[in-house]
Structure formats: C-alpha cells, structure tokens
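Only one structure is covered here, and it is reproduced in the block below.
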Amino acid sequence: MKPRKLFSFLIATAAILAAGLSWRALAQQPPTNIKIEGTSTVQTVAVTDFRATGAAQQYMALFNATVTADLGASPLIKLVPKTLYPLQVPQSINDLQAGAVPTAHPASGLRLTDWGLAPVNANYLGFGYGAEQGSQFVLFGYFYSTSNAISTLQQAQLVAKPYTGTLDEDGVRRVAHQYAADILAVFGAKSLIGSRIIFVSDRTGSKEIWSMSYDGTDQRQITRYNTISTFPSVSPDGKKLAFTSWLRGRPEIVLFSLESNRRLNFYNQQASMNAFVDFTPDSKQVIFSSTANGGAAQLFTANIDGSGLRRVTASNAIEVEPKINPKTGADIVWVSGRSGMPQIYRMHIDGADAQRLSNGEGEATNPAWAPNGQQIAFAWTKGFEPGNYNIFVMDVTDSSKLVQLTNNEGRNENPSWAPDNVHIAYASKRGRSSQIWTMTADGKDKKQLTTQGSNEKPVWVAASQ
Amino acid sequence: MMKRNVGIALAVIALAITGACKSKPKVTAGPTAPLPQQSGNAPQASSTAPVISFFTAEPTTIESGQPSSLRWAVTGATNVVIDHSVGQVSPNGRRAVYPTETTTYTLTAASAGGQQTASVTVTVATPPPPVQPPVVSKQTWQELIAQLQDLHFEYDKSDVRQEDQATLSADANTLKTIFVNFPNIVVTIEGHCDERGSAEYNIGLGDRRASATKDALISLGVPGDKLKTVSFGKERPLCTDATEDCYLQNRRAHFNAAQ
C-alpha cells in the first residue's frame, strides 16, 4: 500500500467508526428541534460534488449525477444550483468548522451557516467523499441541517454513514441510490432499496408471473403454469400474491404465498370469470370482479380465502379493476362501463356514493392508488384514438388536478406506485413488445427495466420487513 | 317279477314327469343290457338293473365358462359314472360343470343286474356380439365444429350484429346437428377482443360476447346445457396488426369443442 493510500485508509477507518457511532446515536435520539412533518414549504438542499481517491475517482461523475437525479426527482426537496455554492466545500466532518455566524467575507464554505445563508440559502447540506478500499468502493456520506438555530455540529448531523459497493458502475450507482434514499428518508420519503416489482412476462412462451428488483436486476420467475397467468396483486403485508389464471380453462383467481412459494386455498365462485383481486390494508379481505351473479362482471368482497361473498355493485355494466384506498381501506376506485366507454369511478367500499372521476372522454382504465391515498395514477386515451393510452395522475378529491406523465412515447399502461410515493412503474409498448419502465410521478427520469419477451402489469412492492 | 315291473313303471312315470317339466334330459329308458339271468344265490340288488330317477342340468344353456349344475338320483346301482371327466359319483348328487362348448353329459349307472344311462346336454351359447356403438370418426364431429363460423362484434359491444344473423342461424343448425349425433360433445364459446381496450376490461367484455352468443343460440333452439362460455379478453389474438381489419377479426366469438 502506498503511503498516500494508507493515509486515506486510516482516515477512512476512523471516519467509519465515528460515523457509525454518531449514526447510531442519531437513530436513538432524533433531533427534536427540526420540524419536518407538517412543513408546507419545500426544503432546499445543497449537495456538493463528491471526490474520491484512487480508482474510485473515475466513477464519481456517475455518483454525483445519480444522487442529483434521485434528489431532483423528489417533490419533497428543491436542489440549489451548484453555481451558487462556495468555492471551498467540506469533504469529511473534520473539515467542518463549528457554527458561529460567519462575519468573514467571502464565506469559507466550511461552516454550515455558509450554506444556510445567501446566496446558497440551503436548509440542508450533503457532502462526503469516496475511496477505493481493497477493490471495493467505499463512500462516506453526510447530511447536515444548516439551521443556525442548532448550536452544535453533532445536533446538526442527520446522516453520517459509510456505504460500500462493488467498484464498478453498478456498485457506484447502487451506493448513490442508497445515499440519496437516506437523504430523502429525512424528509419522510420511503426508501426503495429492497423493494421489488412483480410483473407478467411471456418470455418463456406463456404469460407467467415474475419478480425483479426495483432497478430491473435479479429477474426471477414465480409461476410455471404454462397457461395465461396475469393481473398480479400483492397483499400490503407482502405475504400473498393473487393473480388470474386460466389453469382450469376459465379465468380464475389464484392465491399464492410469497413466503412458501406455494398455492393457497381460494374459493372461486361458480362463474365464467373471477379476476382482478385487490387486498384490504390489513391483508385480511379481498375485492374482485366476478360473473357469479350471472350477468356482466360485478364487484364482490370476500374473506382472504374467497369465503363470505358480498356483492358490491349491482349494474348491467362491466365492473372491473377494483382498487382499495391503501390509506383508509374505506373507499375504492375501479373501472366501469356504466356510462359507455370504460371510465374511472370512486365509491365507498360498501357500494355507496359512486362518482365518476374521469370526465367521460375516451377510455380511462388501470387506476392505481398512490400510497398516500390522495392520488391515483391511471391510463387514459384522452386526446388519442382507442388503444393509445398515456399515464396520468389525478387527485381523487379534485379531479381537475390532473398531470399527464407520458406523451408520444408509445402505449403506456398499468401504472403502479412505488412505496416512496414518488416513483411509478408502468408498461410501455413502443414497437411490438411491451416493456416495464419506471419514472417519477412528474413524468421524469424514465428508465426501461426489462428487455426479454413482452412484459406488462408491474406491481411495485415494498421491501419486506 | 311284480316288484320289478312296478319299479320300471315308477321310473317311466318319473321320467315322464321330468320330461314334462324339462325337455332336455334324455334318459335312455329301459334296460340296454340283456336282462341278467336269474340266480337264486345272487343278492337281490345285484340281480336288479339300477334305476336312474333323474339326471338334470340347470341351467341347460350357459355362456362359456359359466357353471351349470348337474343333478342326479340313482337307485340300485353299484357304480355311477358321468363322462367328460366328471368320473365316478355317488348315487345321489350334484356337480357343477363349466363346459366351454355344448356338451352332452351321460350318466351311466351299473349294477350286476345291468346298466342304465341317461344324458343331458348343456348348451354353451355363443354370447351375442356387444352392441357396437355407431361408428363415429373424430373427423366427423371435428368437421362439423370446423363448419361453425366466428361471430364478430363492434368495438366495446357484445350484441350480435345484424349482418351476423345468418351466420348465427347457420351455427345454430350445425350445433343442433352436433348435439343430436354426438351427445357427449360440449361446445365452448370463447369471447375475444381486439388489442385496444385494457386487458382487464376486455376480460369482462369477452365474457359478455361469449354469453350474448350463447343466449342468441339458445333462443334459436340450441340446448344451453351443452354450451359453455369462456373469456380470453385480448390474450389470444388471431392477428396482431394495428389495422381495423385485424381488430375486427379479433373481436370474435369462437367455437371450440371437447368430447
């Protein structure tokens, strides 16, 4: 080991210990004087460009770009343009100078208040550095409040943590995602690390249920029924997967344990179709669509094993895709043909107070609740010929609050929100096959996750506890 | 001699009764051997010819391998033998036989006074050939199924179109023929959709198309209990082009059959 590398290794080791201790202390005693919940103003954040030693330096541009993209995509914070930053930036916590209000001009950049006051005006500062250690990529990431109401550096510290990954683009990108997720977690955003996307793929020749990591890696086949298995949904406790399969010739509901990878009992009604399961927030009941009444498909609720059937809708129209509000469990959105072409409706889960959310234009379908229970994403042909869907987000209490997330990017369907309430997975057909993509809920940062076969119906599932 | 004459007379009466009741057992009546010469030293029994009271088979007609019960009663015999490997038997008895072809069993009763025989025929009937079901080649019902034509639908609609009424009644007639001639056939009506609607809504729509087709066929006299419905939504398209012609081909009710 060269002396310089040895030096940085020693510093890094010391920093790991220091960071580890202070991080644990922070976890036990969160600073009570920082009010995050209930803040209505968007917090401003500055994050320095990180540098690194040795072979790690070549990946730092990728690291900085990934962190900036992740933070920039979140509606919870606003990034301060880097052109406003002081010339000197801290790299390790040893660089920080304790927080007297600066009187010297220009601001050194090494005091937190240098960042909290004009021209940067950042409420928070992120900094740190990377290193190559034993062919691993190690990053020390910090995140501090710049509030001058906080008197000690210790109190201002919100994140101080070593991250490790493989010394390549994948490893560095993953570390960057983790650091950005830890910063967003300060503002209440859930991390996506460990979350998975359940989806349908025909790459084996028949439609089967698959699962992958939220970034598209680690794609695994779940079912092997060699028929059509589709329309997956996952219980909020993450333990059960439901889908619709033609195993016995007709569309039927299959309940599957994600813990044991085995089929569970589910009583299917004697009907030409039973399909589209969604779970109540307690994972104990289901709602689905069935022709058990003999006419057009209607909505029913039942116990988790299919017993205790209760009819919810009583129309002559096709009623499909019921989705229970994950926050309240009390209201549902679904798709009905009662006014003509399929549209999105909302009502109480017992069937009362049905109201149409989409305005009747074109076809509106595939509603998906945001985890906050306030918004839905859905697919709509508004402004286009039948079949040309785009993804929209709508406030369920004010349908005029409508954002279009895709446009002229093929056929876009099946939106599903990430547990962070920020990202959305969806299926986009650009050419002959459909593929799974992710984007942020404002339509930015679109990434394709699948390439093999045709892939559709993503369902974003939180990391299992 | 009086006693002997009475005995013979009784035997004749017994045979007559047996013969009247059962036509089959043929007893060769009367002594077939020369009357034994009188001998004062010989025991009474041995000087008298045996008497076969009866020798019957029940039933007299069997199928190969089934049992028939031979029964007999003989008096005054020192040796009673039935042929066809039955062998020596007691004067009164029964024995089950399992002939595989029509067989005449002969009972021979012998004594020093002579011998008597009686025969009974067990007829082995050839079982009638099993009733052949009408010979149906699979080709035939499959050909009929192949005659069934798809019905087509307007976009987001499930009612049978006016221009498909002729197809509908032709299909109804074909289905009636199929169900009369092939009672085991059940026909499944598949409802399909084009690729433009959502996959989810199309499952409901395909179900309506299959069910509307079934209702229309029932109204034309097709037995509903022979018709099943299933929706495939847009999961099994016939073609994948983004043209109105292809969309129309895919918006269909299709017939499928299984025995």
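Convention: sequence-line order gives letters A, B, ...; per-chain numbering from 1.
At distances below 3.5 Å, at least one donor-acceptor pair connects side-chain atoms of A:Arg411 with backbone N or O atoms of B:Arg196. When atom types are taken as modelled, the side chain of A:Trp246 and the backbone of B:Ser231 share a donor-acceptor pair closer than 3.5 angstrom.
Both the backbone and the side chain of A:Ser272 come within contact range of chain B, judged by heavy atoms closer than 4.5 Å. With a 4.5 Å cut-off on non-hydrogen atoms, B:Ala199 touches chain A through its backbone and its side chain both. Using a 4.5 Å cut-off between heavy atoms, B:Ser211 does not touch chain A at all. If you measure heavy-atom distances from B:Glu190 to chain A, you find no contacts under 4.5 Å at all. Both the backbone and the side chain of B:Thr240 come within contact range of chain A, judged by heavy atoms closer than 4.5 Å. With a 4.5 Å cut-off on non-hydrogen atoms, A:Asp202 does not touch chain B at all. If you measure heavy-atom distances from B:Lys157 to chain A, you find no contacts under 4.5 Å at all.
Heavy atoms from other residues, nucleotides or ligands lying under 6.0 Å from CG of B:Asp159 number more than 12.
Using a 4.5 Å cut-off on side-chain heavy atoms (C-beta onward), A:Lys429 and B:Glu195 make contact. When side chains are defined from C-beta on, B:Ser198 counts as touching A:Glu321, because their heavy atoms get closer than 4.5 Å. The side-chain heavy atoms of A:Arg250 and B:Thr229, taken from C-beta on, include a pair separated by under 4.5 Å. Under the 4.5 Å side-chain criterion, counting only non-hydrogen atoms from C-beta, B:Asp194 is not in contact with A:Pro386. Contact annotation: the side chain of B:Ile203 never approaches that of A:Val320 to less than 4.5 Å [non-hydrogen atoms, C-beta and beyond].
What you find for B:Tyr201 and A:Ser336 is that their closest heavy atoms are CE1-C, 4.5 Å. Summarising the geometry of A:Gly295 relative to B:Asp207, their closest heavy-atom pair is O-OD2, 4.3 Å, with the distance given to 0.1 Å. Across B:Val230 and A:Gly249, no two heavy atoms sit closer than the pair CG2-O, 3.2 Å.
Here the OG atom belonging to A:Ser229 is positioned 10.0 Å from the CD atom belonging to B:Glu235, to the nearest 0.5 angstrom. Between the CD1 atom of A:Ile318 and the CD atom of B:Glu200 there is a distance of 12.5 Å, given to the nearest 0.5 Å.
For residues 359-369 of chain A, heavy-atom neighbours of chain B at less than 4.5 Å comprise A:Glu363, A:Thr365, A:Asn366, sorted by residue number.
The residue among A:Ala296, A:Pro251, A:Ser289 with the most heavy atom pairs within less than 4.5 Å of chain B is A:Ala296.
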